[in-house]
Amino acid sequence: MVYIKQLAEYEGKEVTLKGWVANRRDSKGLVFINLRDGSGLCQCVADESKIIADEFDQAGKLSLESAVEITGNVVKDERQIGGFEIQVTALKTIHIAEEFPIAKKEHGIEFLMDQRHLWLRSQRQWAILRIRNTIIYSIHNFFQKEGFVQMDAPIFTGNACEGTSNLFETDFYGDPAYLSQSGQLYGEAMAMAFGKIYTFGPTFRAEKSKTRRHLSEFWMIEPEMAFYDIHQNMDLIEGFLQFVIKEVLDKCQAELKLIDRDTSVLETSLKKFPRLTYDDAVAIIKGEKDVNGQNSIKSLENELADVEAKIATTIAEIADREVKIAVPGMKKGEINFNQTKIAALKNELKDLEESQRNIPQWIESAKNFRYGNDLGGSDETVITRLFDVPVMVYDWPHEVKAFYLKRNPDNTRFARGVDVLAPEGYGEIVGGGERETDEKKLREKIIEHDLPMADFEWYLDLRKYGSVPHAGFGLGLERLVTWLCKLKHVRESIPFPRMYGRLLP
RNA sequence: UCCUUGAUAGCUCAGCUGGUUAGAGCGAGUGACUGUUAAUCACUAGGUCCCUGGUUCGAGCCCAGGUCAGGGAGCCA
C-alpha cells in the first residue's frame with residue numbers, strides 16, 4: 001500500500017491507494033475522484049473503456065467520504081493538487097458513506113463545532129493540525145537538544161497552585177482534588193533534581209471565558225531551569241520560539257499555503273525580540289511613547305476609520321451586486337457566483353461591524369489605563385500591533401503577579417515576571433519569570449495571597465535544601481498554533497476543543 | 001458575572017412599516033450534458049419561523065421572561 005504523499009517515487013508505476021472520497025464529478029464515460037488518504041489529496045480518473053463495467057458503476061455511485069481502494073497508474077500532471085493523477089485500473093468499494101453533513105459550501109461555526117469529528121477531515125483543519133504536530137515535535141526537539149529532561153507534573157492536585165483562576169473540582173477518594181492549572185511548582189522541584197526540565201501536558205482552567213483565546217483544557221509546555229535568571233530566561237524563550245517558527249517555516253510550506261498564511265511576520269520574528277519593561281509598555285499603551293513612528297492610540301483611531309471606510313465600500317458592493325443579479329437575463333452560473341460573493345461580503349461585514357463596536361472600547365481602555373494594573377487583552381492587542389516580532393514585557397508591579405516571583409533586587413516594587421506577546425494582535429503566548437529563592441519572603445507572599453500554608457510546605461522545602469536562582473516559563477501550545485496559523489480563534493488549534501459551553505463531540 | 005449581536009428548510013441566509021398560501025442558493029433525489037476542479041442545465045421533495053406568555057381583527061416581524069450561540073470585558077497561556 002502506498003500513501004499519496006509518496007506518489008513522486010512511483011511515477012509511471014501502478015500503485016494501490018486506500019482512502020476516502022473528498023470529491024467526485026461525473027462525465028460521460030469518466031468519473032473523477034478526489035481521493036484523500038490522510039497524507040494528501042490526489043485526483044483519480046476512472047475511464048469507462050479502461051476498467052471493468054461493474055467497477056465503473058461503483059465509481060459513479062461513490063458518495064462523499066465513501067471509503068475506497070483504488071489501483072492505477074501514476075501520471076505526472078502539473079494541473080493537479082500534489083502534481084500527480086491516478087489513472088484507475090481497478091476499484092474496490094470499502095464502504096458507501098451516508099450523506100455527509102459538511103458540504104463544500106460555507107457553514108456556521110456552531111454547526112462545524114457540532115461536527116468537529118467530521119470537520120477534521122476538511123483540508124484546512126487537516127493543514128492546521130499537521131502544523132500543530134510539527135510544532136509539538138520541534139518543541140521536543142529543541143529541549144532535548146538543549147539537554148532538558150521531559151518530566152510530567154501531576155494532573156490531580158490538592159492545592160490551588162496560584163489561587164487565581166477557577167479550578168475544576170473532582171472527587172479524589174472522598175477528598176476534593178483539582179485538575180492542574182499549571183505544573184510549575186512541580187517543575188521547580190524537578191529542576192532541583194535534574195537541572196533543566198520541561199513539562200508538556202494538559203492544563204485546566206474553569207474560567208467562564210468566551211473569547212477567541214480561551215480554552216478550558218489546553219496543552220502547556222513549562223520549562224524550568226536551575227541557575228537561570230530572568231535575562232537568561234528571556235534568551236531561552238527567544239531561542240526556543242525562533243527554533244519552532246523556523247521548523248514550521250521549513251517543514252510546513254504546503255500546509256501554510258493551504259491555509260493561506262502570509263508568512264512575512266513569521267520571517268521577521270526570527271530577528272531579535274524587543275524587551276520592554278512594564279513601564280515602557282504602559283507608556284506605549286497610553287500613547288505617550290511611539291514605536292517605529294507609530295502611536296498606539298492614533299493607530300487604533302486610524303484602524304477604526306479604515307474599518308468604517310471598509311464597511312461603506314462593502315455595503316456599496318453588496319448593493320451593487322444585488323442590483324446586478326436582479327436584472328433578468330443573467331446566466332445562472334453568474335448569478336450563483338454573485339450570490340456566494342454577496343454571502344461572503346455579508347460575513348465580512350459582520351466582522352467589520354464587530355470591530356467597529358470593539359475598537360472604541362479598546363481606545364477608551366488604553367487611554368484610561370491605570371499604572372499598576374495588569375495588561376488586559378485589548379492592551380496586549382494595542383502593543384503587539386505596533387511590532388512585527390514578538391515582544392517581551394518584564395518587571396511587573398509585584399501586586400499583579402503570582403506569589404512565587406522574585407523581586408527585582410534594584411527596585412523591589414517590580415516582580416521579575418516576563419510575558420511574551422505575539423504580534424498581529426495575538427497577545428500573550430508565554431508567561432514566566434525568575435522565582436523567589438528566599439523561604440521567608442515566600443511565606444510572606446503566601447499569607448498575603450491568603451493561600452493555605454500547609455499545602456505549600458513541600459514547595460517551601462525547595463528553599464531549605466540548596467536554594468538556587470531559577471527561572472522558567474509556560475507556553476500555551478494552542479495560542480502558539482493559533483498565532484503561527486493566524487487563526488481567528490483557538491478552537492481550531494486543537495482536535496477537540498473543550499471550552500465554556502462545549503463538551504461534545 | 002457584565003456589555004453587545006443573533007436564532008426562519010439538512011446547510012448558509014433573505015423575508016420591507018404587523019396583512020392572504022414563508023422564499024433563494026447550496027445539499028439530497030431524478031434526468032440531460034461535458035477532461036471535470038465548489039462543474040453546468042431542467043425538474044422534484046423538503047418548514048413546530050428557538051421556547052413560554054402577552055399586545056392585536058391579524059405576529060416570523062412588536063413587548064416581557066427564558067434557553068442556546070457568536071463577539072468583547074474581567075481572568076488568563
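If you're wondering where the values come from, they're calculated on a predicted model, not measured in any experiment. What you see below is based on every heavy atom in this structure, not just the backbone, and it leaves out hydrogens, waters and symmetry mates.
No N or O donor and acceptor, one from the side chain of A/Q356 and one from the base of B/G71, sit under 3.5 Å apart. For B/C76, its base sits under 3.5 Å from the side chain of A/H214 at one donor and acceptor pair at least.
With salt bridges taken as basic N to acidic carboxylate O contacts below 4.0 Å, none links A/K286 and A/D379.
Using Watson-Crick or G-U wobble geometry with both donor-acceptor distances under 3.5 Å, B/C2 finds its partner in B/G72. Partner assigned to B/A7 is B/U67, using Watson-Crick or G-U wobble distances below 3.5 angstrom. Base pairing of B/C13: its partner is B/G23, meeting the Watson-Crick or G-U wobble criterion (both donor-acceptor distances under 3.5 Å). Base pairing of B/A32 is made with B/U40, judged by Watson-Crick or G-U wobble geometry with both donor-acceptor distances under 3.5 Å. When both pairing distances are held under 3.5 Å, B/U56 makes no Watson-Crick or G-U pair with any nucleotide shown.
At the heavy-atom level, A/V31 lies nowhere under 4.0 Å from the strands shown. Contact annotation for A/L477: no contact, since no heavy-atom pair falls under 4.0 Å across all strands. Using a 4.0 Å heavy-atom criterion, one finds that A/Q361 contacts the sugar-phosphate atoms exclusively. Residue contacts shown for A/R491 are limited to sugar-phosphate atoms, with no base heavy atom under 4.0 Å away. At a threshold of 4.0 angstrom between heavy atoms, the contacts of A/D374 are confined to the sugar-phosphate backbone, with no base atom among them. Residue A/G427 is classed as having no contact, given no heavy-atom separation below 4.0 Å to the nucleic acid. Among the protein residues, A/F111 comes within range of the sugar-phosphate backbone only, with heavy atoms under 4.0 Å from sugar or phosphate atoms but none that close to a base.
Taking the six-membered ring where the residue is Trp, the centroids of A/F148 and A/F142 are separated by 6.0 Å or more.
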N/O to N/O distances under 3.5 Å, protein versus nucleotides 31-34 of chain B:
from: B/U34; atom 1: N3; to: A/D26; atom 2: O; distance (Å): 3.2
from: B/U34; atom 1: N3; to: A/S27; atom 2: OG; distance (Å): 3.4
from: B/U34; atom 1: O4; to: A/D26; atom 2: O; distance (Å): 3.1
from: B/U34; atom 1: O4; to: A/S27; atom 2: N; distance (Å): 3.3
from: B/U34; atom 1: O4; to: A/K28; atom 2: N; distance (Å): 3.1

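For RNA chain B, none of the residues of residues 114-122 of chain A falls under the heavy-atom distance limit of 4.0 Å.
With B/A38, B/U12, B/A69 as the choices, the nucleotide that has an atom nearest any side-chain atom of A/H107 turns out to be B/U12.
Protein atom CZ of A/F100 is 15 Å distant from nucleotide atom P of B/G27, rounded to whole Å.
The list of salt bridge (Lys or Arg N to Asp or Glu O under 4.0 Å) pairs with a residue in residues 57-66 of chain A, not counting sequence neighbours, reads A/R36-A/E65, A/E65-A/R121.
Along RNA chain B, the nucleotide closest to A/E217 and the one closest to A/G501 are compared, and the more 5′ of them pairs with A/G501.
Put simply, the residue from A/F243, A/Y198, A/F240 that forms a ring-ring contact (aromatic ring centres under 6.0 Å, His included) with A/H140 is A/Y198.
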